[in-house]
**Q** 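This is the structure I want to talk about, given as structure tokens.
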Amino acid sequence: MRDSRIALVTGSSSGIGLATAKALAASGVQVMLHGLEEQGTGDPIAQALAQEFGVQARYFGADLASAEGVEQLIDATVSQLGEIDILVNNAGIQYTANTRDFPVHKWDQVLAVNLSAAFHATRLVLPAMEQAGWGRVINVASVHGLVGSANKSAYCAAKHGLVGLTKVVALEQAANGITANAICPGWTDTPLLNHQIETFASEQGVSIEQSRLGLLHTKTPYPSLIDPASIGAMILFLCSDAAAAITGAALPIDGAWTAQ
Ligand code: NAD
């Protein structure tokens, strides 16, 4: 990979996004980190990355529930680092409730952050990628982009939508050196799971540690939650020239959850 590549990883203040930013920075990519956190919280994360890997790294906070928030983030990345070669649409939220009781504002929020933000970011970066004749769009979807689970209507709708968006962008850009792929992780060890782990622990009357495995084993006998670093490594591979023909794919990293 050209070592002056510039990446924007949305939702990279923690979890899968931060692991991805680290994997990219470790191979010499300049990275814009992003999250909901204040500048004073995000800056030290970017500084630590820059120091560890000797790359330029910045942080910009923006709420991606609106198109304006996404536009501000893209503008900040381009003005601080340059045109974006690698876009990782990773920011996401979860909310669980039965469909008949699902709060309408939560539906709107989950769709906005998990799906519409990826559309806005993608439409805004494609012109420069086309100009450069090279680009990578990687959408962090979920196993819930491939299968459903009860009480996750908004999340499943958004993630299935994200897989669909990925396929369309891949087809539109197949001739232009730009690939688009979706990653479909199963349960991964990040703060996003905390609420579900706590709920499962109190429902089952077990410890938090037992709940982590118990929750996992409702879907697959795989022995541990997935390491976010393994998702970062897959995203780094998708950015390599060896992955030039992998496009339009929805790649599970799920301990065989969707093999059933
Ligand atoms: P996380 O909670 O550690 O990270 C979520 C990130 O999204 C944070 O940086 C947060 O600041 C950002 N974010 C949340 N709401 C936002 C908003 N309104 N605007 C802008 N940014 C916002 O969770 P994670 O598990 O690392 O999640 C990353 C992605 O991986 C999400 O898209 C999630 O759906 C997906 N995913 C996670 C799992 C899992 O088990 N953890 C499984 C499959 C897919």
Side-chain angles (χ1 to χ4, degrees), residues 8-23 31-39 41-42 45-46 59-74 76 87-96 105-106 108-118 120-121 138-149 152 154-163 165-166 182-197 200 212-213 215-216 218-220 222 224-232 234-235 250-255 257-258:
L8 165 62
V9 184
T10 72
S12 44
S13 54
S14 68
I16 294 170
L18 182 56
T20 300
K22 281 185 182 164
V31 184
M32 175 60 90
L33 293 146
H34 155 266
L36 277 180
E37 289 74 5
E38 301 290 323
Q39 202 67 35
T41 308
I45 306 175
Y59 172 83
F60 188 81
D63 187 344
L64 304 189
S66 72
E68 294 72 34
V70 183
E71 283 159 14
Q72 286 165 11
L73 174 59
I74 302 292
L87 170 66
V88 183
N89 287 309
N90 167 76
I93 49 171
Q94 175 64 280
Y95 189 85
T96 58
H105 73 282
K106 284 290 176 193
D108 290 342
Q109 193 186 18
V110 171
L111 268 286
V113 177
N114 293 28
L115 177 58
S116 299
H120 293 303
I138 294 143
N139 294 322
V140 180
S142 166
V143 286
H144 289 115
L146 304 171
V147 297
S149 284
K152 295 186 177 173
Y155 191 79
C156 289
K159 296 299 191 181
H160 276 71
L162 192 54
V163 169
L165 171 67
T166 307
I183 306 282
C184 299
W187 266 315
T188 307
D189 198 0
T190 78
L192 187 98
L193 285 191
N194 290 349
H195 180 67
Q196 290 175 80
I197 289 170
F200 189 85
R212 286 159 63 86
L213 272 189
L215 194 64
L216 177 76
T218 62
K219 300 295 185 183
T220 163
Y222 192 73
S224 62
L225 294 175
I226 292 155
D227 180 357
S230 66
I231 298 170
M234 170 59 93
I235 290 174
L251 301 161
I253 304 180
D254 67 356
W257 177 336
T258 55

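First listed ligand is number 1; within each ligand, the first listed atom is number 1. All figures in this text were calculated on a predicted structure; none of them were measured in a lab.
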**Q** Test of understanding: given a 4.0 Å heavy-atom threshold, classify the contact between Ile93 and ligand 1 as side chain, backbone, both, or neither.
**A** side chain

**Q** Please report whether ligand 1 has a polar contact with Asn90, defined as an N or O pair separated by less than 3.5 Å (distance criterion only).
**A** yes

**Q** Taking only heavy atoms of Ala91 into account, list the atoms of ligand 1 that are under 4.0 Å away from them.
**A** 7 (O), 21 (N), 32 (O)

**Q** Does Ala112 come within less than 4.0 Å of ligand 1, judged by its heavy atoms?
**A** no

**Q** Would you call His144 a ligand 1 contact, heavy-atom distance under 4.0 Å?
**A** no

**Q** Between ligand 1 and Tyr155, is the shortest N or O to N or O distance under 3.5 Å?
**A** yes

**Q** With a cutoff of 4.0 Å, is Ala62 in contact with ligand 1, counting heavy atoms of the residue only?
**A** yes

**Q** Would Val113 count as being in polar contact with ligand 1, using the rule that some N or O on each side must be under 3.5 angstrom apart?
**A** no

**Q** Look only at interatomic distance and state if Val143 has a nitrogen or oxygen under 3.5 Å from any nitrogen or oxygen of ligand 1.
**A** no

**Q** Hey, does Ala141 sit under 4.0 Å from ligand 1 if you only count heavy atoms?
**A** yes

**Q** Does the plane of the ring in Trp187 sit parallel, tilted or perpendicular to the ring in Trp257? Use 30° and 60° as the thresholds.
**A** tilted

**Q** Taking only heavy atoms of Gly15 into account, list the atoms of ligand 1 that are under 4.0 Å away from them.
**A** 3 (O), 26 (O)

**Q** Quick one: which ligand 1 atoms are inside 4.0 Å of a heavy atom on Asp63?
**A** 17 (C), 18 (N), 19 (N)

**Q** Compare Val140, Asn139, Val110 and give the one whose heavy atom is closest to atom 30 (O) of ligand 1.
**A** Val140

**Q** When only distance counts, is Pro185 in polar contact with ligand 1, meaning an N/O pair under 3.5 Å?
**A** no

**Q** Nearest heavy atom to atom 27 (O) of ligand 1 wins, so pick from Leu216, Ile231, Leu192, Ile183.
**A** Leu192

**Q** Heavy-atom count around Gln39 CD within 6.0 Å, excluding the residue itself: above 12?
**A** yes

**Q** With a 4.0 Å cut-off on heavy atoms, does Lys159 reach ligand 1?
**A** yes

**Q** Between Leu193 and ligand 1, find which residue part has any heavy-atom pair under 4.0 Å and reply side chain, backbone, both or neither.
**A** side chain

**Q** Could you list which atoms of ligand 1 come closer than 4.0 Å to a heavy atom of Ser14?
**A** 1 (P), 3 (O), 4 (O)

**Q** For ligand 1, note which part of Thr190 has a heavy atom under 4.0 Å away: side chain, backbone, both or neither.
**A** side chain

**Q** What do the steps show when you test Arg212 against Asp189 for salt bridge (Lys or Arg N to Asp or Glu O under 4.0 Å), and what is the final call?
**A** CA-CA 9 Å; Arg212 286 159 63 86; Asp189 198 0; 3.0 Å; yes

**Q** Where does Ser12 meet ligand 1, judged by heavy-atom distances below 4.0 Å: at the side chain, the backbone, both, or neither?
**A** backbone

**Q** Any atoms of ligand 1 less than 4.0 Å from a non-hydrogen atom of Trp187? List them with their elements.
**A** 40 (O)

**Q** Please assess Gln94 against Lys152 for the test side-chain contact (heavy atoms from CB on, under 4.5 Å), listing each intermediate value before the final yes or no.
**A** CA-CA 8 Å; Gln94 175 64 280; Lys152 295 186 177 173; 3.5 Å; yes

**Q** Check each atom of ligand 1 against the heavy atoms of Gly92 and keep those under 4.0 Å away; list them by number with element.
**A** 5 (C), 7 (O), 14 (C), 31 (C), 32 (O)

**Q** Can you tell me if Glu37 contacts ligand 1 (heavy atom of the residue under 4.0 Å from the ligand)?
**A** yes

**Q** Among Val140, Leu87, Val31, find the residue that satisfies the side chain to side chain contact (heavy atoms under 4.5 Å, CB included) test when tested with Val9.
**A** Val31

